[in-house]
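Since the model is a prediction, treat every value here as computed from it, not as a measurement. Naming convention: chains lettered A, B, ... in sequence-line order (proteins, then strands); numbering from 1 in each chain.
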There are 2 protein chains.
Amino acid sequence: MTTDGRRATIADVAREAGVSTSTASVVFSGKVNVADATRERVLAAAESLGYAGPDPRAASLRTGRSGIVGVLLGGELRHAFLDPVTTVMMDGLADALADDSVGLLLLRDDPREGEAPPIADAPVDAVVLIGCSTRIRPALDAVRRRGLPVVVIEGDAGADFPQVTLNNREASAEIAEHLFQLGHRNVATITLPLAEDRSRLALTEERVAAATVDVALDRLAGFRHVYPDAPGVSSAGSLVDEGIHSARMLLADADGRLRDDRPTAIVAQSDLLAVGAIRAAEELGLRVPDDLSVVGFDGISADGLGSQRLTTIAQPALAKGRAAGEQISRMLAGEPGESVHFTCTFRAGETTASPPRDVADRVTPQPRGR
Amino acid sequence: MTTDGRRATIADVAREAGVSTSTASVVFSGKVNVADATRERVLAAAESLGYAGPDPRAASLRTGRSGIVGVLLGGELRHAFLDPVTTVMMDGLADALADDSVGLLLLRDDPREGEAPPIADAPVDAVVLIGCSTRIRPALDAVRRRGLPVVVIEGDAGADFPQVTLNNREASAEIAEHLFQLGHRNVATITLPLAEDRSRLALTEERVAAATVDVALDRLAGFRHVYPDAPGVSSAGSLVDEGIHSARMLLADADGRLRDDRPTAIVAQSDLLAVGAIRAAEELGLRVPDDLSVVGFDGISADGLGSQRLTTIAQPALAKGRAAGEQISRMLAGEPGESVHFTCTFRAGETTASPPRDVADRVTPQPRGR
DNA sequence: TTGTACGCGTTATCAA
DNA sequence: TTGATAACGCGTACAA
């Protein structure tokens, strides 16, 4: 604190120490050698004035760097924290950027009409877009105008931007094929939210046409490649609870009684949804996989399943985050960023089996003993 | 972009539009009325120059505000993402700060010797410390020197700083008392990590004396108030897996056989640890709660438990985060911050019962039929 | 090894 | 409603 009550600046420190401001500055940045005696004097002066070190705002204006990478998350921040895939990706991201000792600035991408996206006035050196919907244009435009390095994780950004992608469609087809091989012909799906509004609804062509979330659409497309006419429910979020409610819609009537035309297998677009589906099935008295097969997507270590291992298709979430971080790191170093593509791995568990014997009778009642 | 290749500044825009820089500035900040015609001209000029809007760094230098609140997390960032209590607190924090439209800057508090804590050169307007150990001094000093508003969530910060606290000690005693009432006399505990090094070890007085994590110590103290001489294990983290490994240490020998002197109840310092303990017990052939009672701490909706509801003591994690956010918000508005204290609520579940009948025989073999 | 001088891009103040 | 001007606090060529 200076005598007149202002917060001390580096100029005050320099004056107190009897050196120039540049010398004082250099003492703190450590980029140039300074005589020990001089350094001591400067540090002593700083101490006596209660100088807190260079103001990061001013330093950042001068250097053009803030040491912050913005992470733009689609939807609520809370949602991001609750989704294991997102948190694991963030983990990989933080890991890859640790060497650059940058902080991660969490920003919500809520494209309110007429307002500038929050990314527009955040002092960031680069931006990562995670799980944003197709409506990322405004944010992307803002970032491009500012000339910031950017990486998009699973969002339709066009070829202009480095992206981290996943073979959602092929992977979904693969796991659907697994069920087909087992003999399932009456299969339903529970999708991730299809649009911003995140409402739980039966799938209709209208709703699919109005969907904006690429990940959900791609996974649905893969599924439909194998089961073109299958029914489904779009969930309101990747949560166990949502899986429970959605599965109930598929398995039971409004009064909670099992439907005769219920599917023999459920394809959930996330492991959490799958866990919920399994729980709903158990509550309805169905055994998994004997009465109902369930598969998930993601390959997170899904808690909540007892000791049963979920059949799923695993995505390399950690690697995705890390790849994004590495690209950011490169771009901050002036090199061009590249897109990186990842593929999923089928992982057999204990939640799928052939459909129950009596299913033919159940679905389309036929004379017995034929 | 200006003709000479520089990025356009507001001065360029003003010149192009034939107005002063202050007018141009005001057009973007919107704080003063500007004639429509003038605004149009300025915006058109900005458009033609590809001006991306005011540079947040410069604006922040001038206004002294960055619109960023730093969140200092103890330990790895990944850890923070994996801990449901932390994520829920972050959720509440984000919620309470949403109106101020600030971003959250995630920072790791790793006090490396000799280096300034990262918070020292982050352009933040305020700081929240979450789950930091007793070694928060350097960070706290740095924050104080910079005169930043700060709130400490569950950390020993002294009376100088607004804090959000929890009655860890009393709550722990309460849930231990619950077990005592049920008749348990041979009880063991699994604690949160006691120190930075996060190693899984049997509790010894030495290790407790060397502990640095207040939360773990407070919960242990409450437990010991009821069970002064109980054995225990300090886990390496609040994770299901850690609960499994720790519980095995308490229940079985190195060769995996149940110990005769095993406890009839386990007090875990977090729900995740408790879930792990239950799983370990099941793997060892023990039924919960018939053969072993298990209690947790936190009251998160612990997945991974099947349909069994965990007996635990619930903390208002969301409210804690929100309270921290509200205090920050107040302090940013110039009002003084206050400390807020929260208490936990006992929540009976299905994982506790009276100790098994044969326990007296087992622990201290006695002549039957007495 | 140290000092001088300038500019980074913006916004607040005040006057017109 | 607009304009001129002065900070904001620092880093860095360049010269000494």
Quickly work out the [X] [atom1] to [N] [atom2] distance and round it to whole Å.
X: A:Ile10; N: C:dT4; atom1: CD1; atom2: P; answer: 15 Å
X: A:Arg57; N: C:dT11; atom1: CZ; atom2: P; answer: 14 Å
X: B:Arg146; N: D:dG9; atom1: CZ; atom2: C1'; answer: 13 Å
X: A:Phe28; N: D:dT12; atom1: CZ; atom2: C1'; answer: 17 Å
X: B:Arg39; N: D:dT2; atom1: CZ; atom2: C1'; answer: 14 Å
X: B:Leu61; N: C:dT11; atom1: CG; atom2: C1'; answer: 10 Å
X: B:Asn33; N: D:dT2; atom1: CG; atom2: P; answer: 9 Å
X: B:Glu40; N: D:dT1; atom1: CD; atom2: P; answer: 15 Å

Side-chain contact test, heavy atoms from C-beta onward, threshold under 4.5 Å: evaluate it for B:Thr165 versus B:Phe342 and give yes or no.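 The answer is no; the side chains never approach within 4.5 Å.
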So which atom in B:Val88 and which in B:Ala317 form the shortest heavy-atom distance, rounded to 0.1 Å?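 Scanning both residues, the minimum pair turns out to be CG1-CB, 3.8 Å.
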Pair of N/O donor and acceptor under 3.5 Å linking C:dT10 base with B:Arg62 side chain: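 It does not, because no donor-acceptor pair links the side chain of B:Arg62 to the base of C:dT10 below 3.5 Å.
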Ignoring hydrogens and angles, are the base of C:dT4 and the side chain of A:Ser22 linked by a donor-acceptor pair under 3.5 Å?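 Result: at least one qualifying N/O pair found.
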Among [options], find the nucleotide with the atom closest to the side chain of [X].
X: A:Pro54; options: D:dC10, C:dT2, D:dT5; answer: D:dC10
X: B:Thr63; options: C:dT11, D:dT2, C:dT4; answer: C:dT11
X: B:Asp55; options: C:dT11, C:dT10, C:dT1; answer: C:dT10

Which sits closer to the 5' end of DNA chain D, B:Ala58 or B:Val34, going by the nucleotide each is nearest to?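 Between the two, 5'-proximity favours B:Val34.
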Do B:Ser22 and B:Ser25 get their side chains close enough for a donor-acceptor pair, meaning under 3.5 Å?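 Side-chain D/A pair, B:Ser22 to B:Ser25: absent.
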Please step through side-chain contact (heavy atoms from CB on, under 4.5 Å) for the pair B:Leu129 and B:Val150, ending with a clear verdict. CA-CA 8 Å; B:Leu129 275 68; B:Val150 58; 3.7 Å; yes
Any side-chain N or O of [X] under 4.0 Å from OP1/OP2 of [N]?
X: A:Thr38; N: C:dT2; result: yes
X: A:Tyr51; N: D:dC10; result: yes
X: B:Ser20; N: D:dT2; result: no

Between A:Asp125 and A:Leu148, does the side-chain contact (heavy atoms from CB on, under 4.5 Å) criterion hold? Intermediate values first, please. CA-CA 6 Å; A:Asp125 297 335; A:Leu148 295 174; 5.7 Å; no
Contact class for B:Val19 (heavy atom, under 4.0 Å): base, sugar-phosphate, or nothing?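 B:Val19: backbone/sugar contact only, no base atoms under 4.0 Å.
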